[in-house]
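Everything below concerns the one structure shown next.
Because the structure is predicted, anything quoted here is derived from the model rather than measured. Heavy atoms only: backbone and side chains are in, while hydrogens, waters and symmetry mates are out. Below, read A as the first sequence line, B as the second, and so on, with proteins coming before strands; counting in each chain starts at 1.
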2 protein chains.
Amino acid sequence: MNIGDVAARTGLPPKTIRYYEEIGLLKPPRGANGYRAFREGDMQRLVFLGRARALGFSIEDCRVLLDLRADGTRASAGVKDVSQGHLRRVEQKIADLSGMHETLSSLVRACAGGTRPDCPILDTLGTGAAQGRA
Amino acid sequence: MNIGDVAARTGLPPKTIRYYEEIGLLKPPRGANGYRAFREGDMQRLVFLGRARALGFSIEDCRVLLDLRADGTRASAGVKDVSQGHLRRVEQKIADLSGMHETLSSLVRACAGGTRPDCPILDTLGTGAAQGRA
DNA sequence: CGTAGGGCTTCCAGTTACGGGAAGGTCAAG
DNA sequence: CTTGACCTTCCCGTAACTGGAAGCCCTACG
């Protein structure tokens, strides 16, 4: 299978697939013409990568997960560790963004938005750091 | 004031301050020795930048906000536009991350985590895409 | 007065995970 | 045999810095 077919089937752009090969996530053999000749197993790895990336796993996490999958034995513990670590980072990010969201939405609500020269948003960013929580 | 003092007072690392100058966000004059000589106004811009960045505004957003602030007249409308745009992007990000969080936490819950060779996380990532929502 | 230290300067490279685009080989169809 | 779609590699650009090297400057101490 050529890269175009694999791209169509996995939903991953050819550029991304080449990149994954470049960083060693898969090693499709080459045909006589120099084209990558993807096997079924390469496709499976790419599907795996696409799903893991969609869940926000980093490339390095994906590398570890692929190794654990290939390992076969004692996979669960490692996989769960990696996933929990990622889950915690996601939770932290959500918390950070929620904090920003709260402040931002209160600022936007407080701003009249017309042609008035005084803007509570600029005031808050520029001078005293006080800001209401609603 | 030298860059070290400014860094201490604004909480921004010297590297970051130099970077902000490099991309044109401020232009502190130089002393005879080549050192940056920060004025009060430079400090104020940096404080502004620090707060805006902490709220997640992009550098380009910050540039616009600083311009609007310097402009003086008709600031509110533009500032509100920029802030609302940013707020929407933050909301989108939270939504994306919440989706990941839901799937991830259900997967982690489903994984026994011991030395068992079968792992529902690997199974979900590797084969059929079905996954319970709780 | 010499030197040791800390602070300042610039420049270069690396980070994450690709995307855009150029230059050029290959393949199937008409 | 040419055309057009596909493939290849290579290099640059992204956001917002951070780390580190090489080298100048300034203050203080003995």
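- Summary of helix geometry: the two end axes of the helix from C/dC1-D/dG30 to C/dG30-D/dC1, each defined by five base pairs via their C1' atoms, are inclined to each other by 30° (rounded to 10°).
- Identified under the ring pair (Phe, Tyr, Trp, His ring centres under 6.0 Å) test for residues 107-126 of chain B, with sequence neighbours left out: none.
- Contacts classified as side-chain hydrogen bond (donor to acceptor under 3.5 Å, both in side chains) and involving residues 23-33 of chain B (residues at least two apart or in different chains) are given here: B/Glu21-B/Arg30.
- Applying the 4.0 Å criterion to OP1 and OP2 of C/dG19, one finds that A/Thr16 has a side-chain N or O inside that range.
- Listed by first and then second residue, the ring pair (Phe, Tyr, Trp, His ring centres under 6.0 Å) pairs involving residues 100-120 of chain B amount to none (not counting sequence neighbours).
- Taking a heavy-atom distance under 4.0 Å as the criterion, the stretch of DNA chain D touched by chain A extends 5' to 3' from D/dC6 to D/dC10.
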When you look at B/Phe48 and B/Cys62, which way does the side chain to side chain contact (heavy atoms under 4.5 Å, CB included) test go after all the steps? CA-CA 9 Å; B/Phe48 185 100; B/Cys62 290; 5.7 Å; no

Do B/Glu91 and A/Leu97 pass the side chain to side chain contact (heavy atoms under 4.5 Å, CB included) test, and can you show the C-alpha distance, the side-chain angles, and the key distance before you say yes or no? CA-CA 8 Å; B/Glu91 284 169 349; A/Leu97 286 168; over 6 Å; no

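- B/Pro14 comes within contact range of no nucleotide atom at all, as no heavy-atom separation falls under 4.0 Å.
- Side-chain atoms of A/Arg53 and A/Ile59, non-hydrogen and from C-beta on, do get closer than 4.5 Å to each other.
- Per the geometry, CG belonging to B/Asp5 stands 10 Å off C1' belonging to C/dG7, to the nearest Å.
- Rounding to whole angstrom units, CG of residue A/Leu49 and P of C/dA17 are separated by 12 Å.
- Looking at residues 87-100 of chain B, you'll see that no heavy atom sits under 4.0 Å from any atom of DNA chain D.
- Within the 4.5 Å cutoff, the side chain of B/Asp5 has no heavy atoms near those of the B/Phe38 side chain.
- Residue B/Lys15 contributes atom NZ, which lies 11 Å from atom P of C/dT9 at whole-angstrom precision.
- Listed by first then second residue, pairs satisfying salt bridge (Lys or Arg N to Asp or Glu O under 4.0 Å) with a partner in residues 41-50 of chain A read A/Arg39-A/Asp42, not counting sequence neighbours.
- Residues passing the side chain to side chain donor-acceptor pair (under 3.5 Å) test with B/Arg89 are B/Asp61, sequence neighbours excluded.
- Side-chain atoms of B/Leu26 and B/Leu66, non-hydrogen and from C-beta on, never get closer than 4.5 Å to each other.
- For the segment residues 30-39 of chain B, residues with any heavy atom less than 4.0 angstrom from an atom of DNA chain C are, sorted by number, B/Arg30, B/Gly34, B/Tyr35, B/Arg36.
- Evaluation of the side chain to side chain donor-acceptor pair (under 3.5 Å) rule for B/Arg63 yields B/Glu60 as partners, not counting sequence neighbours.
- The minimum heavy-atom distance between B/Pro28 and B/Ala37, with the atom names listed, is CB-O, 4.3 Å.
- Taking the side chain as every heavy atom from C-beta outward, B/Ser83 and B/Lys80 never approach each other to under 4.5 Å.
- You'll find the side chain of A/Leu125 reaches within 4.5 Å of the side chain of B/Leu55, heavy atoms only.
- Between the CG atom of A/Asp61 and the P atom of C/dT16 there is a distance of 12 Å, rounded to whole Å.
- Remark: A/Pro14 engages A/Ile3, A/Ala7, A/Arg18 in a side chain to side chain contact (heavy atoms under 4.5 Å, CB included) (not counting sequence neighbours).
- Candidate nucleotides C/dC8, C/dG20, C/dC18 were compared by shortest atom distance to the side chain of A/Ile59, and C/dC18 ranks first.
- Near DNA chain C, defined here as any heavy-atom distance below 4.0 Å, the residues from residues 17-28 of chain A are A/Tyr19, A/Tyr20, listed numerically.
- Between B/Ile17 and B/Thr10, the closest side-chain pair of non-hydrogen atoms falls below 4.5 Å.
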